[in-house]
Amino acid sequence: MILQDELDKNPRLHQLVKYGPSAFKQSDYGLADKLKNNSVSKIYVSGVSMSNGVLKTARDGADLGFEAMIIEDACADRKLNNFQKTKTDEIPKFGKLIKTREIIEELNKNV
């Protein structure tokens, strides 16, 4: 957890508190508007519940016009079956699965 002092020191850090699975639809932060105001077009999503919070945040982001990238090896789920089903049946409908190494490779190209 980021301490308030760190948030105050770095204007690039923001605290978002969500009250449901989707960071876009279940928070009072206005995430989509803040991202769009900063010319963000691609989101990278990871988390502890691939079939719930990750799925809903990524799908809502895609519905709002963002390119949704789900970081497969940075996600988990309570049940392997839920993880696999979400990965194969849900995510391909709106987003793309990627691995952490792909993000690192992309970042290294832009250096």
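Start at 1 with the first residue, then count along the sequence. Source: prediction; values computed, not measured.
- The structure places CD1 of I103 at 8.0 Å from CG of D73, a figure rounded to the nearest 0.5 Å.
- The two residues D77 and S49 have their closest heavy-atom pair at OD2-C, 3.8 Å.
- In the hydrophobic clustering of ILVMFWY residues, with side-chain heavy atoms under 4.5 Å counting as a link, V45 and V40 come out together.
- Minimum interatomic distance between M50 and L97 (heavy atoms only, all atoms of both residues): CE-CD2, 4.4 Å.
- Side-chain contact check for F94 versus D60: every heavy-atom pair is 4.5 Å or farther apart.
- The closest donor-acceptor contact from the side chain of K18 to the backbone of P21 lies under 3.5 Å.
- Residues I70 and L35 share a hydrophobic cluster, clusters being chains of Ile/Leu/Val/Met/Phe/Trp/Tyr side chains in contact below 4.5 Å.
- Linking Ile, Leu, Val, Met, Phe, Trp and Tyr residues whenever their side-chain heavy atoms come within less than 4.5 Å leaves Y44 and F24 in two separate clusters.
- Counting all heavy atoms, side chain and backbone alike, C75 lies closest to S46 at SG-CA, 3.6 Å.
- Put simply, CD1 on I43 and CG on L31 are 7.5 Å apart, with the number rounded to the nearest 0.5 Å.
- V54 and F66 fall within the same hydrophobic cluster, where Ile, Leu, Val, Met, Phe, Trp and Tyr residues are linked whenever their side-chain heavy atoms come under 4.5 Å apart, directly or through other members.
- When the shell of 6.0 Å around NZ of K36 is examined, it contains more than 12 heavy atoms from other residues, nucleotides or ligands.
- Under a hydrophobic-cluster definition in which Ile, Leu, Val, Met, Phe, Trp and Tyr are linked whenever side-chain heavy atoms come within less than 4.5 Å, directly or via other members, V48 and L80 are assigned to different clusters.
- Using a distance-only test at 3.5 Å, with no hydrogens or angles considered, a donor-acceptor pair links the side chain of Q26 to the main chain of S22.
- Nearest heavy atoms, A68 versus A58: CB-O, 3.6 Å.
- Here the closest non-hydrogen pair linking L55 and S51 is CD2-O, 3.8 Å.
- When all heavy atoms of Y29 and L16 are compared, the closest pair comes out as CD2-CD1, 3.6 Å.
- Looking only at distances, no side-chain donor or acceptor of Q84 sits under 3.5 Å from a matching main-chain atom of N81.
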Let me see the working for K56 and N52 under side chain to side chain donor-acceptor pair (under 3.5 Å), right down to the final yes or no. CA-CA 6 Å; K56 291 175 182 171; N52 194 18; 3.1 Å; yes
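- Salt bridge E90/R59: present, at least one basic N to carboxylate O contact under 4.0 Å.
- A donor-acceptor distance shorter than 3.5 angstrom exists from the side chain of T57 to the backbone of A23, with no hydrogens or angles considered.
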